[in-house]
Q: 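One structure, pasted below without further comment.
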Amino acid sequence: MPDNGWPADRIDTENAHSARIYDYILGGKDYYPADKEAGDAMSREWPALPVHMRANRDFMNRAVRWLAEEAGMRQFLDVGTGIPTSPNLHEIAQAVAPESRVVYVDNDPIVLTLSQGLLASAPEGRTAYIEADFRDPAAILDAPELRETLDLNRPVALTVIAIVHFMLDADDAVGVVRRLLEPLPSGSYLAMSIGTAEFAPEEVGRVAREYAARNMPMRLRTLDEAHEFFTGLDLVEPGIVQVHKWHPDGSGEQGIRDEDIAMYGAVARKP
């Protein structure tokens, strides 16, 4: 890979990383040989993995567009951003409302070094980047970048996409999401995608073992467990469904089988 000026002392190039595996499988360029090896091994175990990952990305795009167009959201907090892949969240939101403001959060140094693409806001809006860990909501909520970009007296859309399946029970992912939602006012929204093995347990189980073998253990959840994240919130129709079934727009859902998707998706409003 070309030298992009990344802080080499902080980026582990010898071991695969979940965000870089995702980037590789989606056809990106910001990965290393270990990520390619891992992605190829996982795709051999479950050939539908690229379909699944693309469907998750498409869900994020549709959910953000819905939040901007239908719910009128103009402020977004995206936790677990991952490697920038166009269109980024702010590009989708600002295409609807150029004045939209977006704060991105991730703890991977490679995302920080590539964050220039995340900060190219429309002149009317604003974007910011916080280097913080999902498991430390206080570090996110107390960050000056958040307070300078978002007005917490006005509704905020919190997006947590394809991250909680890397949070084990000890990490208390449900509690973390609730703490992130706590200071957000009534009328705010939560959009999530949540990994599951309920539709292809054997295949997804093999992929999970490949992740675990590379020191990335996974916690896949049932539908009932997914509901725990939305306790006290008002789910937007159709509720919690596989990501390709949430407000399909006909652009990429045709021919996708349920057993090819291992992610639930939902959007809910805070009363």
Q: With rounding to the nearest 0.5 angstrom, report the CZ to CG distance, Arg179 to Leu141.
A: 10.0 Å
Q: Do Phe229 and Leu168 share a hydrophobic cluster (ILVMFWY, side-chain heavy atoms under 4.5 Å, transitive)?
A: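 No, Phe229 and Leu168 fall in different hydrophobic clusters.
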Q: Measure the OG-CG distance between Ser18 and Asp23 for me, rounded to the nearest 0.5 Å.
A: 11.5 Å
Q: Between Arg135 (side chain only) and Val176 (backbone N and O only), is there a donor and an acceptor less than 3.5 Å apart?
A: no
Q: Do Thr196 and Leu223 have side chains that get closer than 4.5 Å, going by heavy atoms?
A: no
Q: Is the shortest side-chain N to carboxylate O distance from Asp169 to Arg219 below 4.0 Å?
A: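 Looking at Asp169 and Arg219, the cut-off is met.
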Q: Is the backbone of Asp133 close enough, under 3.5 Å, to the side chain of Asp136 for a donor and an acceptor to pair up by distance?
A: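 Not a single qualifying donor-acceptor pair exists.
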Q: Do Asn56 and Tyr22 meet the criterion of a side-chain donor-acceptor pair at a distance under 3.5 Å?
A: yes
Q: Flag the pair Glu210 and Arg206 as a salt bridge only when some basic side-chain nitrogen lies within less than 4.0 angstrom of an acidic carboxylate oxygen.
A: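 Looking at Arg206 together with Glu210, the answer is no, because their closest N to O distance does not fall below 4.0 Å.
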Q: Do Tyr31 and His17 have side-chain atoms, one donor and one acceptor, less than 3.5 Å apart?
A: no
Q: Distance-only, no hydrogens or angles: does the Arg126 side chain make a donor-acceptor pair with backbone N or O of Glu148 under 3.5 Å?
A: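 It does hold such a pair.
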Q: Are Leu235 and His227 close enough, and set up right, to give a side-chain contact (heavy atoms from CB on, under 4.5 Å), and what steps lead you there?
A: CA-CA 10 Å; Leu235 282 162; His227 270 280; 4.0 Å; yes
Q: Evaluate the side-chain proximity of Val164 to Met192: yes if any heavy-atom separation is below 4.5 Å, no if none is.
A: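 They are in side-chain contact.
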Q: Spell out, as yes or no, whether a donor-acceptor pair under 3.5 Å connects the side chain of Arg147 to the backbone of Leu152.
A: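 Side chain of Arg147 to backbone of Leu152: no pair is present.
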Q: Under 4.5 Å between any side-chain heavy atoms of Pro185 and Asn153, yes or no?
A: no
Q: Hey, would you say the Phe134 and Phe166 ring centroids sit under 6.0 Å apart?
A: no
Q: Looking at Ala200, is its backbone amide N or carbonyl O close enough to the side chain of Glu259 to form a donor-acceptor pair, meaning the two atoms are under 3.5 Å apart?
A: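 Side chain of Glu259 to backbone of Ala200: no pair is present.
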Q: Check Ala197 against Leu220 and note the closest heavy-atom contact, atom names and distance.
A: CB-CD1, 3.9 Å
Q: Taking all atoms of both residues into account, what is the closest heavy-atom pair of Met167 and Arg221, and its distance?
A: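 Of all heavy-atom pairs spanning Met167 and Arg221, the closest is O-NH2, 3.5 Å.
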Q: Verify, without hydrogens or angle tests, whether Lys270 (side chain) and Leu190 (backbone) share a donor-acceptor contact under 3.5 angstrom.
A: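 It does not hold such a pair.
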Q: Backbone N or O of His90 within a donor-acceptor pair of the Tyr104 side chain at under 3.5 Å?
A: yes
Q: When rounded to the nearest 0.5 angstrom, what distance separates CZ in Arg269 from OH in Tyr189?
A: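 That separation rounds to 5.5 Å.
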Q: In the structure I gave you, are the side-chain heavy atoms of Thr231 and Arg178 within less than 4.5 Å of one another anywhere?
A: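 Yes, close enough: below the 4.5 Å cut-off.
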Q: Going hydrophobic residue to hydrophobic residue with side-chain gaps under 4.5 angstrom, can you get from Leu26 over to Tyr211?
A: yes
Q: Between Ser193 and Val243, what is the shortest heavy-atom contact and its length?
A: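 Looking at all heavy atoms of both residues, the closest pair is CB-CG1, 4.1 Å.
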Q: side-chain contact (heavy atoms from CB on, under 4.5 Å), that's the test. Do Thr127 and Thr149 meet it? Break it down for me.
A: CA-CA 7 Å; Thr127 64; Thr149 307; over 6 Å; no
Q: Is the shortest side-chain heavy-atom distance between Tyr129 and Val111 below 4.5 Å?
A: yes
Q: Would you call Asp260 and Arg257 a salt bridge, taking side-chain N to carboxylate O under 4.0 Å as the test?
A: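 Yes, this pair counts.
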Q: Passes side-chain contact (heavy atoms from CB on, under 4.5 Å), Arg65 versus Asn61? Steps please.
A: CA-CA 6 Å; Arg65 191 180 310 114; Asn61 295 349; 4.2 Å; yes
Q: Report the distance from atom CG of Asp35 to atom CD1 of Ile110, rounding to the nearest 0.5 Å.
A: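 It comes to 7.5 Å.
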Q: So, taking the atom named OG in Ser100 and the one named CE in Met73, what distance separates them when rounded to the nearest 0.5 Å?
A: 10.0 Å
Q: Looking at every heavy atom in both Gly80 and Asp106, which two are closest together, and how far apart are they?
A: C-OD2, 3.5 Å
Q: Ser43 and Asp40: side-chain donor and acceptor closer than 3.5 Å?
A: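 No, because no side-chain N or O of Ser43 sits under 3.5 Å from a partner of the opposite role on Asp40.
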Q: For the side chain to side chain contact (heavy atoms under 4.5 Å, CB included) test, which of Arg74, Glu145, Arg101 pairs with Leu150?
A: Arg101
Q: Is there a path of hydrophobic side-chain contacts, each under 4.5 Å between heavy atoms of I, L, V, M, F, W or Y residues, that connects Val96 with Leu158?
A: no
Q: Is any side-chain heavy atom of Ile21 less than 4.5 Å from a side-chain heavy atom of Lys36?
A: no
Q: Check whether any side-chain heavy atom of Pro238 lies under 4.5 Å from a side-chain heavy atom of His247, and answer yes or no.
A: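 They are in contact (side-chain heavy atoms under 4.5 Å apart), so the answer is yes.
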Q: Any non-hydrogen side-chain atom of Ile140 less than 4.5 Å from a side-chain atom of Val79?
A: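 Yes, at least one pair of side-chain atoms sits under 4.5 Å.
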Q: What orientation do Trp246 and Trp66 show, parallel under 30°, tilted 30 to 60°, or perpendicular over 60°?
A: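 Answer is perpendicular, since the angle exceeds 60°.
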Q: Are any side-chain N or O atoms of Gln94 and backbone N or O atoms of Ala122, one a donor and one an acceptor, separated by less than 3.5 Å?
A: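 Such a contact is found between Gln94 side chain and Ala122 backbone.
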Q: Any donor and acceptor pair, going by atom type alone, linking the side chain of His244 with main-chain N or O of His52 inside 3.5 Å?
A: no
Q: Checking Met263 against Gln242 for the side-chain contact (heavy atoms from CB on, under 4.5 Å) test, could you report, in this order, the C-alpha distance in whole Å, the side-chain angles of both residues, the deciding distance, and whether it holds?
A: CA-CA 6 Å; Met263 201 80 76; Gln242 286 175 285; over 6 Å; no
Q: Is Glu91 reaching over with its side chain to a backbone N or O of Asn88, donor-acceptor style, under 3.5 angstrom?
A: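 Yes, Glu91 side chain to Asn88 backbone: donor-acceptor pair under 3.5 Å.
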Q: Walk me through it: do Arg20 and Asp108 pass the test salt bridge (charged side-chain N to carboxylate O under 4.0 Å, His left out)?
A: CA-CA 10 Å; Arg20 300 195 308 252; Asp108 182 1; 5.0 Å; no
Q: Looking at OG1 of Thr85 and CG of Asp30, how far apart are the two atoms once the value is rounded to the nearest 0.5 Å?
A: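 The distance works out to 8.0 Å.
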Q: At their closest point, which heavy atom of Phe59 faces which heavy atom of Gly265, and how far apart are they?
A: CZ-CA, 3.8 Å
Q: Please tell me whether Tyr264 and Phe199 form a close aromatic pair, meaning their ring centres lie under 6.0 Å apart.
A: yes
Q: Quick one: closest heavy-atom pair of Pro137 and Leu180, and the distance?
A: CB-CD2, 3.7 Å
